[in-house]
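To keep things clear, I will list the structure first and then write my remarks on it.
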Amino acid sequence: MRWSHYPVTTVKEVPSEAEVVSHQLMLRAGLIRRLAAGIYTWTPLGLRTLRKVETIVREEMDRAGALEVLMPAVQPAELWQESGRWEKYGPELLRLSDRHERPFVIGPTHEEVITDFARRELKSYRQLPVNFYQIQTKFRDEIRPRFGVMRGREFIMKDAYSFHADAASLERGYAAMREAYVRMFTRMGLEFRVVRADTGAIGGSASEEFQVLADSGEDAIAVSDGADQYAANVELAPALPPAAPRPAPAQALARVATPGRRTIAEVATFLQLPPARLVKLLLVEGSDGGVVAIALRGDHELNAVKAQKLPGVASPLRMAGPDSIRAATGVAPGFLGPVGLRCALYADHAALALADFACGGNEEDLHLTGVNWGRDLPAPQGVDVRNVVPGDPSPTGEGRLSIRRGIEVGHIFQLGTKYSEAMQATVLDESGKPVPMTMGCYGIGITRIVAAAIEQNHDAAGIVWPAPLAPFQVVLVPLNAAKSARVRDKAEELYAALTAAGVEVLFDDRDARPGVKFADAELLGIPHRLVVAERGLDAGRLEYRHRRAAANEDWPLDGALETLLARVRAG
RNA sequence: CGGGGCAUGGCGCAGUCUGGUAGCGCAUCUGCUUUGGGAGCAGAGGGUCGCAGGUUCGAAUCCUGCUGCCCCGACCA
């Protein structure tokens, strides 16, 4: 491709709308252009990378035996009413009407359509298992689109759905998909982890996420250094109860005036105790309209996913407002404590393991010290409701956890019969009886992968593409070609030879100064750069540099083409 | 949806408080010079100042309403 006829417009200044580095670089390098909030056009350059991601995904899905289909983006509302999600999905589901006032949706996902397809196509257990997938545009009317294509409203997703005669077959199909996913992300050159995950709104039983590791990731994941490589989303990673039994009380209960000290940090400083010696009390809305109290160690955070699964707690989790807190305890947030509390109370295991702790006194400007469960108040039920923290033991018993940030690029679920039962997607089993098919579903955010790859692979100069995702493999940079026929001829010759060899070359034939060309080549992140200049030609040399390398290499003209081809093939 | 902010050539911004003929940098186009790390000089084009209404002799600027976008919190590939 000749740059002079390729519409790549790079930008020096960071667009003000872009917050994260991948979004900034995608705009600066001209990969995407915004049309509306969370809705983007992919430029010719950006589309090249997007297609590479798609191709790898498609190849690995095909290799795993999945069958590609293409389902409509616009779907009739009846299907969603049948599954019950017309009501449940909420405002994220974009609804519209056709000219006959018939309700439709723009598909945020395709469980309904695929299940409808499957129940029409599949009649016998003999046809199972089967796995259908598509690579297609979805629309989710996100409350807050963010970070460019990382969290767009319209995005491209690979979604796959497998149908099985029984749970054992589902397990095998799930394992095959897991393996295919590992191959895909490995091929893309991304550093990722497979983590256990909450099933969320999709439902079902087992579920794992594929997280690309990046410090800017929205998800926190707990990774064990144990031999079993346990990894889980912090949302669901279990925190084990402390192994040591609770110490015996050593202090007397005392009332301490703590005027104006509301936060854990303020109280800990005032009492000269570490936050881990404090118990904080959080009130959440109960499922019966009242409130439920949860006691946590001062240095721990409440885990919403765990909390909303507790009996009596409203799901989704909602924190109690100041009014209901006052109504339940008679005091404002900041001085709440478990002693003398009248509402339902849970305590996190770690809080329950404390002796002689400090907590709020349920009176304005009052805290208690030397508090002990069982002596000063009845010990409540111990539960796991906190986020794991670095240093916690792995739930498998092997090793310790550290916390890393990740970007969720894939998610696989064992759905079971949730949709097939709701929509009567049955096949006849060996005895001729209709049974609901057992399902799995497997998603990959194609557009998000592009952003995640940049988030993980960039430097001060711009994008540093992993070779399999780069829009071009080689950028060919003649310097001052306008003045030098030698440079021009040599560059043209190399361009023709590389193209003939099947290499994707971006030929920077613009009449621009060297600094501009170098800066643009680095911003675009093309792995291999070959410079043709008078200076080198005089010495019979070409200059090569890999995007990740710190310095140039000087190559003899003779054999330079072969050397470059070898480097390109090596990635 | 709640809270905060912004809206002025393609991009980044000043001008708004204190009303008086719309400006700067980058980008684009032309010419000359320059050519190993985002060049210099000279010139050119491009903006109903988000939309609608109002106040005023006069509105980018003041008032009212609307729309769009961005950022912070509960959701997800």
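Throughout, protein chains are lettered first and strands after them, A, B, ... in sequence-line order, and every chain is numbered starting at 1.
- Nucleotide B:U61 has no partner under the Watson-Crick or G-U criteria, as no pair reaches both atom distances under 3.5 Å.
- Backbone-only contact: A:E19 has heavy atoms under 4.0 Å from sugar-phosphate atoms and none from a base.
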task = With side chain to side chain contact (heavy atoms under 4.5 Å, CB included) as the test, would you mind laying out the steps for A:E191 and A:Q211 before giving the verdict?
result = CA-CA 9 Å; A:E191 194 191 357; A:Q211 295 271 356; over 6 Å; no

key: Contact letters for nucleotides 6-15 of chain B, in which S counts primed atoms plus P, OP1 and OP2 and B counts the base, heavy atoms under 4.0 Å   = -----BSS--

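- Remark: B:G43 base-pairs with B:C29; criterion is Watson-Crick or G-U wobble with both hydrogen-bond distances under 3.5 Å.
- Cation-pi geometry between A:R33 and A:Y40 is not met: the NZ or CZ atom fails to fall both under 6.0 Å from the ring centre and inside 45° of the normal.
- With rounding to whole Å, A:D219 atom CG is found 10 Å from B:A77 atom P.
- Here A:N552 lies in heavy-atom contact (under 4.0 Å) with a base.
- In this structure, A:F518 does not pack face-to-face on the six-membered ring of B:G38, missing the 5.5 Å centre cutoff or the 30° plane limit.
- Of the candidates A:V409, A:T137, A:V149, A:L50, A:L50 is the only one forming a side-chain contact (heavy atoms from CB on, under 4.5 Å) with A:I446.
- The base-pairing partner of B:C13, taking Watson-Crick or G-U wobble contacts with both distances under 3.5 Å, is B:G23.
- When distances are taken from the side chain of A:R529 to each of B:A77, B:G36, B:G37, the shortest belongs to B:G37.
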